[in-house]
Amino acid sequence: MKNLVIVESPAKAKTIEGFLGKDFTVKSSFGHIRDLPSKKLSVDVDNNYKPDYVIPKDKENLVKELRKLSKEADMVWLASDEDREGEAISWHLQEALGLKTEKTKRIVFHEITKSAILNAVENPRSINVDLVNAQQARRILDRLVGYELSPVLWKKVKPNLSAGRVQSVSVRLIVEREREVESFKSVSAFRVVAFFDVNGMEFKAELSKRFDTIEEARKFISDCQNAEFSVSDLQKKPAKRTPAAPFTTSTLQQEASRKLGFGVTRTMRIAQDLYEQGKITYMRTDSVNLSDLALNAAKEEIEKLYGAEFSQTRKFSSKSKGAQEAHEAIRPTYMSEQKVAGDAAHQRLYDLIWKRTIASQMADAQLERTTISVAVSNSDLGFSAQGEVIKFEGFLKVYLEGTDDEAEDQKGILPNVSVGQQLVAKKIEGSERFSSPPARYTEASLVKKLEELGIGRPSTYAPTISTIIARNYVLKESREGQERKYGYVLLDENGITEETRTEVAGAEKQKLFPTDIGKVVTDFLVENFGEILNYNFTAQVEKEFDEIAEGQKEWTSMIDGFYKPFHKTTVYTEENSERATGERLLGVDPKSGRNVYARLGRFGPMVQIGEADNEEKPKFSSLQAGQSLEEISLEEALDLFKLPREIGEFEGETLLIGVGKFGPYVRHNKSFVSLGSEDPLSITREKAIELIETKREEIKKALISEFTDGDTVIQVKNGRFGPYIAVGKKNYKIPKGTEPESLSLEDCKELIIKQGDKPKRTAKSRK
DNA sequence: CAGTGAGCGAGCTTCCGCTTGACTT
């Protein structure tokens, strides 16, 4: 073998091999091949921060293979990405494979096109040590922060917690947003809207002023009965709209969330499939750049589909500061392809990418914005209406970027009017509008915010959100809104009517909420480690990493400058700070006269009656889902101690209501049935029996057939993942294409023997 | 599968970024 090329991704390896011909073998490193081991700190803080890198278990075979291939090759080409991490991957490869400098070349390319690859091979360089050192500084700083901060939390808050440069700031954003929402005072004002009719075409215009009270609104609307309306001004202005840049990881996640309702993990999973199918370019990127090849292909496609006047070639450049631009933007590999394999979700995500890319290479949309001002004869106030007419669709023919603003008024077409023209008001309504609190984050809007702050990378946005949810700092959930009353005044052909209407406000769909643990941990970290929790911390250290990359700074001295004071703070905090529990005194228990507290315990949020150092032991109870330390009242806390309670008998056995690890339940004859949304404090005997009977029916339905073989019972059941065979506590698969109803005892036994005892995967071995 | 919360002390937990599987019964 003459040449071995090593890239980061196997899909990329396959493509490039096609470009390079038979003298080149292209292999993938599957990302990093060495790292600090997870068991120990593995940074020698007393010896110039010397890192102890190891090859992880799951990479051993791969490294062995690459080592063997590199020995056989005349030349090894290290072709990992041209950014900090990519440079470090090449360096680790050189070290771990024991590559000699004279038979090692470093090459880079930003786009996977034949000319870019051939050009890269013509222009090799050596490894950039400064860039590698910038990566080491990044890696080691993150390790020091994470592995010194987390143990402080284990001591001061609760075991198994974690803290880090990225995750802790992410949680802080969510906690602070929640507090803004909690402290928000909504104010209301009356908005007055008139509906005018011009030759059968209706249009809507809003009064320039909002009234504070319904009396003022009613007075104005009532006076309108004797008023005349006329067009006082007419403004027409040309305007244009420009298409958004092609997708990066972050903007793809945002748009897939807004337009398709996908969570960020789902978006990335599907994008990965499309990438592996060869349908799109790499999906983890912060670049908006398109290759010349892609620009030409887009132009050709647009001219073919829509005509030459719709094409406009544009070069976008990244505005985000930390952008490392190792790849192209996310785009279709072949602009002419419209269909992809997979389910509807794959097709929809691909359509989105196709449209966004094509639209980015299309002409501006030309609009005409019209404003009609309407004077009221007996008032100084006036109405105004805004309309928009599209003169030339341009890119809007294909795609328009979504917004996070829910309340965007649709601007429609306005009728032709002239200044001085009299108008007839069909109806005028005044309705009370409330100001809304800042919006809680969705996964995607959090990613947007993190990117703005330069925190995290395309490959970590989705995993970071998974981490803070897994640590129970944050919950992703939907909440129902509450009914709210608002005042309403209407003037129409029947005269004035006034009423109180209701609307639902504050409903949330798949939003991020902080938990009590998230709040307590954030408060603790902000108080004691303000520097790291600062929103600019990452931006500051990134500046220093850049200086290291440019050879202006030594990485060990940068780390030393950070670590010395940081370490001092951790030691000081461990010795001096109180346990952080978020404790609140709720009041006094009328029965015992002892204090009632809400606080965070070793197992989570709870309420407590009495103190620990008293002779009488305190009583404890966990908070229920939906309750929080900051909001729970004395009454709600005392209610928690009313459980477990008996609510009668059924079939000769007691019915016991309680709340366990998995929520409220009714226990009957050793079996548990979840109460669902029923309130454990008020549920009746009848309702509980109903739940038990429903559960029994479900179990019956789940059982397809049952056999007895001597002492053993073999069941064919319907489960979450489809039909399966159950014997005792062991489960066995049923091959695809087999009707579970048709299985006989003999068939089942055969399947069981064939599958034997396979080693079980545990939660631990998965990671 | 349906508590626990003191204190003792063992041993465990933890970071961010680069990549894909294997496989849920």
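Naming: A, B, ... by sequence-line order, numbering from 1 per chain. Since this is a predicted model, take the numbers as computed values, not measurements.
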Going by the rule ring pair (Phe, Tyr, Trp, His ring centres under 6.0 Å), which residues pair with [X] if we only count those two or more places apart in sequence or in a different chain?
X	result
A:Tyr49	A:Tyr563
A:Tyr53	A:His92
A:Phe650	A:His668
A:Phe529	none

Can you give one letter per nucleotide of nucleotides 2-9 of chain B, going 5' to 3': B for a protein heavy atom under 4.0 Å from the base, S for sugar-phosphate only, - for none? BBBB----

Would you tell me if any nitrogen or oxygen in the side chain of [X] comes within less than 4.0 Å of OP1 or OP2 on [N]?
X	N	result
A:Arg471	B:dT14	yes
A:Gln135	B:dG17	no
A:Arg284	B:dT20	yes
A:Arg457	B:dC18	yes
A:Lys155	B:dT13	no
A:Tyr282	B:dT19	yes

Categorize [X] for me: base, sugar-phosphate, or nothing, with a 4.0 angstrom heavy-atom threshold over every strand shown.
X	result
A:Ser38	base
A:Gln608	nothing
A:Leu149	nothing
A:Gln272	sugar-phosphate
A:Lys39	base
A:Ser162	sugar-phosphate
A:Val166	sugar-phosphate
A:Tyr461	nothing

Base-paired stems that DNA chain B participates in, counting runs of 3 or more Watson-Crick or G-U pairs under 3.5 Å: none

For A:Glu653, check side-chain hydrogen bond (donor to acceptor under 3.5 Å, both in side chains) against everything at least two apart and list the hits.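 Expected list: none.
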
By side-chain hydrogen bond (donor to acceptor under 3.5 Å, both in side chains) - contacts of A:Arg284 (at least two apart): A:Tyr282

Looking only at side-chain atoms of A:Thr460, point me to the closest of B:dT13, B:dC16, B:dG17.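 For A:Thr460, the side-chain atoms sit closest to B:dG17.
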
Of the listed nucleotides (B:dT13, B:dT20, B:dC18), which one gets closest to any side-chain atom of A:Asp83?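 Side chain of A:Asp83 sits closest to B:dC18.
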
Show your working on salt bridge (Lys or Arg N to Asp or Glu O under 4.0 Å) between A:Lys642 and A:Asp639 and close with a plain yes or no. CA-CA 5 Å; A:Lys642 292 180 181 160; A:Asp639 276 348; 2.8 Å; yes

Heavy-atom nearest nucleotide on DNA chain B for A:Ile89 versus A:Lys40: which residue maps closer to 5'?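 That would be A:Lys40.
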
Quiz: residues 598-608 of chain A side-chain donor-acceptor pairs under 3.5 angstrom, not counting sequence neighbours:
from, atom 1, to, atom 2, distance (Å)
A:Arg599, NE, A:Gln608, OE1, 2.8
A:Arg599, NH2, A:Gln608, OE1, 3.2
A:Gln608, NE2, A:Gly610, O, 3.0

When you measure only distances, ignoring hydrogens and angles, does the side chain of A:Arg139 come within 3.5 Å of the base of B:dC15 through a donor and an acceptor?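 Side chain to base: pair present.
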
Using only modelled atom types and a 3.5 angstrom limit, is any donor from either the side chain of A:Arg138 or the base of B:dC16 paired with an acceptor on the other? yes

Find the distance A:Glu276:CD to B:dG21:C1' and express it as a whole number of Å.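 These atoms are roughly 9 Å apart.
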
I need the residues from residues 4-14 of chain A with at least one non-hydrogen atom less than 4.0 Å from DNA chain B; give them sorted by number, or say none.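 Heavy-atom contacts with DNA chain B come from A:Glu8, A:Ser9, A:Pro10.
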
With sequence neighbours excluded, residues passing salt bridge (charged side-chain N to carboxylate O under 4.0 Å, His left out) with A:Asp81: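 Partners of A:Asp81 under the salt bridge (charged side-chain N to carboxylate O under 4.0 Å, His left out) test: A:Lys12.
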
Applying salt bridge (charged side-chain N to carboxylate O under 4.0 Å, His left out), can you list everything that pairs with A:Asp589, at least two apart in sequence or on another chain? none

Aromatic-base stack, A:Phe30 on B:dT19, cutoff 5.5 Å, angle under 30: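 Stacking between A:Phe30 and B:dT19: absent.
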
